[in-house]
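One structure is given here, and the rest of the page talks about it.
Just so you know, these numbers come straight off a predicted model, no measurement behind them. Values reported hereafter were calculated over all heavy atoms of this structure, with side chains retained and with hydrogens, waters and symmetry mates removed. Residue indices begin at 1 and follow the sequence shown.
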Amino acid sequence: MIPGIAAIGLNLLGNVAEQLSKGTSATQADAGIGASFGSMLSEAATRTIGSLENAEKISLQALRGEADTRQVVDAVMSAEQSLQAAIAIRDKIITAYLEVSRMAI
């Protein structure tokens with residue numbers, strides 16, 4: 001359903017969210033922050049996938065003559081915005097990870 005690159009990016013985003021929600025922190029407050037950030041990323045990935053699937057569904061309905069062009073354009077534009085946001089978040093996470101991995105211990 002989802003193109004390969006988008007699926008890889010969203011899977012990475014979901015994996016990062018899962019790891020953050022499971023992460024061990026020094027204090028209970030830190031654990032809560034990690035869990036809430038992880039759950040936020042997970043929800044964002046889920047919403048993005050839902051948006052992409054909805055756009056695909058409406059596009060197929062339009063091919064069958066069950067939806068008009070405006071609905072298709074609205075759904076596809078919404079899915080594109082969601083995907084671009086998810087990709088930007090993924091890129092920021094990767095950049096932050098690379099910066100942390102380069103730090104001297």
Side-chain angles (χ1 to χ4, degrees):
M1 288 187 149
I2 300 172
I5 299 293
I8 292 169
L10 291 175
N11 285 338
L12 175 63
L13 189 62
N15 291 342
V16 168
E18 182 179 329
Q19 291 301 319
L20 285 172
S21 64
K22 290 182 185 176
T24 57
S25 299
T27 65
Q28 186 66 20
D30 290 342
I33 291 170
S36 64
F37 182 70
S39 65
M40 185 267 315
L41 284 178
S42 180
E43 289 173 18
T46 302
R47 280 193 311 266
T48 300
I49 291 170
S51 177
L52 292 168
E53 289 174 345
N54 182 47
E56 182 180 17
K57 183 180 98 178
I58 292 175
S59 296
L60 291 174
Q61 287 175 348
L63 289 174
R64 291 188 298 255
E66 299 170 0
D68 66 1
T69 307
R70 183 179 177 100
Q71 290 174 320
V72 174
V73 171
D74 287 342
V76 170
M77 294 297 287
S78 175
E80 182 181 7
Q81 287 176 341
S82 297
L83 183 59
Q84 286 177 352
I87 290 171
I89 292 168
R90 180 209 59 192
D91 291 346
K92 291 291 186 179
I93 291 171
I94 291 172
T95 301
Y97 173 78
L98 291 174
E99 287 181 21
V100 168
S101 69
R102 282 189 230 130
M103 287 182 178
I105 295 177

Exercise. Does some side-chain heavy atom of Lys57 sit less than 4.5 Å from a side-chain heavy atom of Gln61?
Worked result: yes

List the atom pairs, with distances to 0.1 Å, where a side-chain N or O of residues 72-80 and a protein N or O form a donor-acceptor pair under 3.5 Å, not counting sequence neighbours.
unit_1: Glu80; atom_1: OE2; unit_2: Gln84; atom_2: NE2; d: 3.4

Problem set entry | Considering all heavy atoms, the nearest Ile58-Ala67 contact | O-CB, 4.0 Å

Seminar exercise, completed: Value for CZ (Arg90) from CG (Leu41), rounded to nearest 0.5 Å, stands at 13.0 Å

Only distances under 3.5 Å count here; give the side-chain donor-acceptor pairs of residues 91-105 to other protein atoms, sequence neighbours excluded, each with its distance to 0.1 Å.
unit_1: Thr95; atom_1: OG1; unit_2: Asp91; atom_2: O; d: 2.8
unit_1: Ser101; atom_1: OG; unit_2: Tyr97; atom_2: O; d: 3.4
unit_1: Ser101; atom_1: OG; unit_2: Leu98; atom_2: O; d: 2.8

For this session: Indicate the atoms forming the closest heavy-atom contact of Ser36 with Ser39, along with that distance.
Result: O-OG, 2.9 Å

Exercise. Are the side chain of Gln71 and the backbone of Asp68 linked by a donor-acceptor contact shorter than 3.5 Å?
Worked result: yes

Exercise. With no hydrogens and no angle check, is any side-chain donor or acceptor of Thr46 less than 3.5 Å from a backbone partner on Ser42?
Worked result: yes

Problem set entry | More than 12 heavy atoms of other groups within 6.0 Å of Arg64 CZ | yes

